[in-house]
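Down below is the structure, laid out as structure tokens.
Both backbone and side-chain heavy atoms feed into the values below; hydrogens, waters and symmetry mates do not.
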Amino acid sequence: MRCAVLDDYQNVALTMADWSGLDVTVYQEYFDSQDRLVEALADKQVVVIMRERTPFPAALFKRLPSLKLLVTSGMRNASIDLAAAAEHGVTVCGTASTSTPPAELTWALILGLARHIVTENNAFRHNGPWQSTVGMGLAGKTLGLVGFGKIGVQVARVGRAFGMNVVAWSSNLDASRTAPEGVSLVSKQELLSSSDVVSVHLVLSSRTRGLIGASDLALMKPSALLINTSRAAIVSPDALVDALRHNKIAGAGLDVFEQEPVPAHDVLRTLPNVLATPHLGYVTDGNYHTYFREAVENIRAFVSGAPVPRLL
């Protein structure tokens, strides 16, 4: 079977697993139009995608009659129209994934903002001023977690290790989950108004889209930081830009964006109080080895007629 691996930005897919015996074409570039994508995939029977980098809506399945198997990294991908896949006879499966890398990146963004790492590193490299910033100490400060699932719990444990007071909120959260972690359950309003760092850890859904809007950001301290490594649409993009432009909050650490890759002239690229990474939350050697190794296992099972082990 002819296989395609999409959005292998780092060009590492073929080194992360044994693809021997498979006819594989790897694409590093992002296809910015469906026509270009269809042209590349027209004769492919198997496509491997990385998370939600390339969406697979109903219209795309309709234009790819040769497609038989779609493999995504992870076992959740909101950008795949599963009903359309079934309608067109396409099997969809996923891989395992660990939640520790996004929690680690969350702390990279928090620490990078709190201690002005980029500003000071740039000054160091370009013979700028020797110390120009005053960092935010974290001990004794309040960390507010919007969402308290696997990732939120890991972020909370690190926050407590730093000596922070940790509070949490989500619409279905109760104290039986937060108390054992030494975390206080509070209202959304109290979390936003009392926290020095607010970090978002929710799945994007109809309930969470636009969950944090202008009125919510207005509750935050002018000295507070907002971190989002979950999904961009959970925070109103216009409200966030306004809050950052007018210093209603001190800064934002972002790993997720409404459009990815972010357009060259996007305003977020220009704001000095934004620390951003290009959706690296899950991008680690351990996760990539798992993604591509299990993708190959899924393909081999499908080709041999054996049950595919990780159906979505």
Side-chain angles (χ1 to χ4, degrees), residues 2-16 19 23-74 76-85 87-88 90 92 94-95 97 102 105 204 209-210 228-238 240-241 252-271 274-284 287-288 291-292 295 312:
R2 293 175 296 277
C3 308
V5 177
L6 295 183
D7 302 317
D8 182 15
Y9 297 155
Q10 297 92 349
N11 196 26
V12 295
L14 296 184
T15 69
M16 295 284 180
W19 299 81
D23 179 4
V24 185
T25 304
V26 175
Y27 298 94
Q28 280 187 265
E29 73 273 24
Y30 173 76
F31 290 98
D32 56 6
S33 76
Q34 192 174 100
D35 287 343
R36 290 185 61 231
L37 181 62
V38 168
E39 182 180 357
L41 301 182
D43 67 337
K44 303 299 189 292
Q45 296 153 305
V46 178
V47 175
V48 179
I49 59 176
M50 178 60 69
R51 307 291 289 192
E52 296 166 3
R53 290 176 184 172
T54 296
F56 265 70
L60 184 54
F61 283 105
K62 188 175 182 179
R63 298 180 66 184
L64 297 174
S66 297
L67 182 61
K68 302 301 179 188
L69 176 67
L70 180 64
V71 186
T72 177
S73 57
R76 179 191 292 132
N77 191 327
S79 71
I80 300 173
D81 189 324
L82 293 175
E87 180 183 344
H88 289 86
V90 178
V92 183
T95 72
S97 182
L105 185 68
L204 180 62
R209 184 177 294 274
N228 189 358
T229 58
S230 295
R231 288 294 180 268
I234 295 171
V235 182
S236 168
D238 292 340
L240 178 59
V241 167
L254 307 174
D255 187 49
V256 287
F257 309 91
E258 287 253 284
Q259 183 179 343
E260 297 180 8
V262 174
H265 301 293
D266 191 290
V267 66
L268 288 173
R269 291 183 179 270
T270 70
L271 298 174
V274 170
L275 177 59
T277 48
H279 207 154
L280 295 176
Y282 52 85
V283 181
T284 62
N287 259 347
Y288 267 40
Y291 293 162
F292 292 118
L312 261 63

Non-hydrogen atoms of T270 and V267 that approach each other most closely:
OG1-O, 2.7 Å

Any heavy-atom pair between the side chains of L240 and N228 that's under 4.5 Å?
no

Which heavy atom in S66 sits nearest to a heavy atom in A42, and how many Å separate them?
OG-O, 3.3 Å

Out of curiosity, F292 CZ to N287 CG, how far, rounded to the nearest 0.5 Å?
10.5 Å

For T72, check side chain to side chain donor-acceptor pair (under 3.5 Å) against everything at least two apart and list the hits.
N77

A295 and V48: which non-hydrogen atoms are nearest, and at how many Å?
CB-CG1, 4.2 Å

Can you pull out every salt bridge (charged side-chain N to carboxylate O under 4.0 Å, His left out) where at least one residue sits in residues 53-64? Sequence neighbours excluded, please.
D35-R63

How many angstroms lie between OG in S236 and CD in E258, if you round to the nearest 0.5 Å?
8.5 Å

Partners of A78 by side chain to side chain contact (heavy atoms under 4.5 Å, CB included), sequence neighbours excluded?
E52

Counting neighbours of CZ on R269 that are heavy atoms of other residues, nucleotides or ligands and sit closer than 6.0 Å, is the number greater than 12?
yes

Once side chain to side chain donor-acceptor pair (under 3.5 Å) is applied, do any residues pair with S230, and if so which ones, sequence neighbours excluded?
none

Check side chain to side chain contact (heavy atoms under 4.5 Å, CB included) between E260 and all other residues, then give those that pass, not counting sequence neighbours.
V256, F257, H279

Pairing residues for H88 by the ring pair (Phe, Tyr, Trp, His ring centres under 6.0 Å) criterion, not counting sequence neighbours
none

How would you list all residue pairs meeting salt bridge (charged side-chain N to carboxylate O under 4.0 Å, His left out) that involve residues 3-16, not counting sequence neighbours?
none

Sequence neighbours excluded, which residues qualify as side chain to side chain contact (heavy atoms under 4.5 Å, CB included) partners of P278?
L280

Which residues pass the ring pair (Phe, Tyr, Trp, His ring centres under 6.0 Å) test with F61, not counting sequence neighbours?
F56

Heavy-atom pair of closest approach, residues L60 and P55
CD2-O, 3.6 Å

Mark yes or no for whether Q45, through its side chain, and L67, through its backbone, hold a donor-acceptor pair below 3.5 Å.
no

Contacts of R36 meeting salt bridge (charged side-chain N to carboxylate O under 4.0 Å, His left out) (sequence neighbours excluded), chain-then-number -> D32

Between Y27 (side chain) and A40 (backbone), is there a donor-acceptor pair under 3.5 Å?
yes

Shortest non-hydrogen contact from P102 toward T229
O-OG1, 4.3 Å

State, to 0.1 Å, how close D255 and G281 come at their nearest heavy-atom pair, and which atoms those are.
OD2-N, 2.8 Å

Salt bridge (charged side-chain N to carboxylate O under 4.0 Å, His left out) partners of residues 38-47, not counting sequence neighbours, each pair once
R2-D43

May I ask you to test the Q10-V283 pair for a side-chain heavy-atom distance under 4.5 Å?
yes

With a 4.5 Å cut-off on side-chain heavy atoms, are V92 and I80 touching?
yes

With S97, which residues qualify under side chain to side chain donor-acceptor pair (under 3.5 Å), at least two apart?
Y291

Separation between CG (L268) and CG (L254), nearest 0.5 Å, reads 6.0 Å

Student check: side-chain heavy atoms of L37 and L6 closer than 4.5 Å
yes

